[in-house]
Number of protein chains: 2
Amino acid sequence: MSVAAIKYDSGVSRWEPNARGRLERAAMDLYVERGFEQTTVAEIASRAGLTERTFFRYFSDKREVLFYGAASLQELLVTTVTDAPAGTSPISAVAGAIEIAGALFQERRDGSRTRQAVIEANAELKERELIKLAALAAAMAEALRGRGVKDPIASLAAEAGIAVLKISFEEWVSLSGDDDLPLRMRAAFADLRAVTAG
Amino acid sequence: MSVAAIKYDSGVSRWEPNARGRLERAAMDLYVERGFEQTTVAEIASRAGLTERTFFRYFSDKREVLFYGAASLQELLVTTVTDAPAGTSPISAVAGAIEIAGALFQERRDGSRTRQAVIEANAELKERELIKLAALAAAMAEALRGRGVKDPIASLAAEAGIAVLKISFEEWVSLSGDDDLPLRMRAAFADLRAVTAG
DNA sequence: AAGCGCGATGTCACTCGCTGACATCACAGT
DNA sequence: ACTGTGATGTCAGCGAGTGACATCGCGCTT
């Protein structure tokens, strides 16, 4: 039971609130402090005042805790693509979505960077990140199809967008200054056009 | 000890030869028969006449057995990019490499398809595949840099190539006929040019 | 106000992937 | 014959992840 169940004389409810948030935070802290592999789920749970079993009720596995935000990002991308003005070309719709995502990352600059450092340091986490990116691409492709774009155009546009996101984000993360990510993405789309024209 | 150590009166050596190959085959068979998750490493090893411990001496994990060929594929792509005639554009060098890879898959059409069916059926395997593809992209980008191509051009060209590979391969696999994969890839590169121009 | 169902959490036992340490033993070279 | 080596086996153990069942405040019903 322990910390999470501390009861005050006043009418505090049975459990300390925000179990998921506590787990997320404990995990991030430990992953940063000692690395992903060197952290056990039991340690995370204990730091959050919960048990291992409860951790797995909130997160399907030890990696997922770092990717909890991916769902809302995907939703954002899909909505942006879907809501692009009629007549917008597939690549422009995708580019718009990707640049908005870029702005989001930029708002949480420090968070994005430490998070990325944790991921880069571990192969399992890189795998998980790649499948999340692939899911984003698939979702955007689906959104394009919803706009009447045929395959393979839809898939290609979506994958191109994700490639730009990946590459721009990597560069941006490695920079120490406060480089503008959406701008960098816009430039990358232009570069991509030039590259494919080669 | 068991099957692997059968000794014939003639001077056969201590161990049945080709342990790695036997493990690979046993694993593939079981993954196809019963699925990846439903197969334990102990079963694979036992079918190959070896022990679990030995499996892990040949393959770093249960998934890797399906991706053993990735190293030589990567080598092929890198060599092809590197050896492209001077003056070849980055995207053309990449396209050449990707189409050669496509020809390779086509040679082993049935094998490619059953293998892909196994991978598609399991999320962990998809993750592993994605990281292998990312490694291919990184290697091609590096090869381009070796030709004097600067980033982000090199990375973008490489990622574009992998996107084409992924999408074309997916379509090709889903087709029942004997569609020409390299040709489909060439078309996808053309589509990509049109898409990015949008 | 007593009773009751529910939901969040805990406890326990278990499987399986994976690893380190050490043993075995045919074969090759001396 | 002697010995070193490489491929394999044996064993013990950790940690991720899961299923089944127990606990117990809270809030609704009556």
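Nothing here was measured: the structure is a model prediction, and the numbers come from that model. Per chain, numbering begins at 1; letters A, B, ... match sequence-line order.
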**Q.** A:T51 side-chain N/O to C:dT9 phosphate OP1/OP2 under 4.0 Å
**A.** no
Q: Quick one: which residue pairs count as a side-chain hydrogen bond (donor to acceptor under 3.5 Å, both in side chains) with a foot in residues 89-99 of chain B, not counting sequence neighbours?
A: B:S89-B:S92, B:E99-B:R186
Q. Taking NZ, NE, NH1 and NH2 as the nitrogens, is one of them in B:E159 or B:K166 under 4.0 Å from a carboxylate oxygen of the other?
A. no
**Q.** Spacing between A:E127 atom CD and D:dA16 atom P, to the nearest angstrom
**A.** 17 Å
Q) Should we count CZ of A:R25 as having more than 12 external heavy atoms under 6.0 Å? A) no
Are there any protein N/O atoms within less than 3.5 Å of an N/O atom in nucleotides 17-19 of chain D, and if so, which ones and at what distance?
from, atom 1, to, atom 2, distance (Å)
D:dG17, OP2, A:K62, N, 2.8
D:dG19, N7, A:R53, NH2, 2.9
D:dG19, O6, A:R53, NE, 2.9

Q.
Hydrophobic clustering (ILVMFWY, side-chain heavy atoms < 4.5 Å, transitive) - are A:F105 and A:Y68 grouped together?
A. no
Q: Take the C1' atoms of the five end pairs on each side of the helix from C:dA1-D:dT30 to C:dT30-D:dA1, derive the two axes, and give their angle rounded to 10 degrees.
A: 10°
Every protein N/O lying under 3.5 Å from an N/O of nucleotides 5-7 of chain D:
from, atom 1, to, atom 2, distance (Å)
D:dG6, N2, B:R14, NH1, 3.1

Q. Is the shortest distance from a Lys or Arg side-chain nitrogen in A:E142 or A:R145 to a carboxylate oxygen in the other one below 4.0 Å?
A. yes
**Q.** Of B:R63, B:K126, B:K132, the residue whose pairing with A:E127 passes side chain to side chain donor-acceptor pair (under 3.5 Å)
**A.** B:R63
Q) Which of residues 27-35 of chain A sit near DNA chain D, with a heavy atom under 4.0 Å from it? A) none
Q.
So, OP1 or OP2 of C:dC16: does either fall under 4.0 Å of a side-chain N or O from B:T40?
A. no
**Q.** Atom pair distance, as rounded to whole Å: CD in B:E43 and C1' in C:dG17
**A.** 13 Å
Q) Are B:L133 and A:L125 grouped together when hydrophobic residues (ILVMFWY) are joined by side-chain heavy atoms under 4.5 angstrom apart? A) no
Q. Any Lys/Arg nitrogen of B:E124 or B:K62 sitting under 4.0 Å from an Asp/Glu carboxylate oxygen of the other?
A. no
Donor-acceptor pairs under 3.5 Å, side chain of residues 71-81 of chain B to any protein atom, not counting sequence neighbours: which ones?
from, atom 1, to, atom 2, distance (Å)
B:S72, OG, B:G69, O, 2.9
B:T79, OG1, B:E75, O, 2.6
B:T80, OG1, B:L76, O, 2.7

Q. Does B:L181 offer a backbone N or O that forms a donor-acceptor pair with the side chain of B:Q106 under 3.5 Å?
A. yes
(Q) How about CZ on B:R109, more than 12 heavy atoms from neighbouring residues, nucleotides or ligands closer than 6.0 Å, or not? (A) yes
Q) Taking CG from B:L50 and P from C:dT24, how many angstroms apart are they, rounded to a whole number? A) 20 Å
Q.
Return whichever of A:R57 or A:E37 has its heavy-atom-nearest nucleotide of DNA chain D closer to the 5' end.
A. A:E37
Q. Between atom CZ in A:F36 and atom P in D:dG15, what is the gap in whole Å?
A. 14 Å
Q. Between B:R184 (side chain) and B:F169 (backbone), is there a donor-acceptor pair under 3.5 Å?
A. no
(Q) What is the distance, to the nearest angstrom, from the CD atom on A:Q38 to the P atom on C:dT19? (A) 13 Å
(Q) Determine whether a donor-acceptor pair (N or O, by modelled atom type, separation under 3.5 Å) exists between the side chain of B:R47 and the backbone of B:L30. (A) no
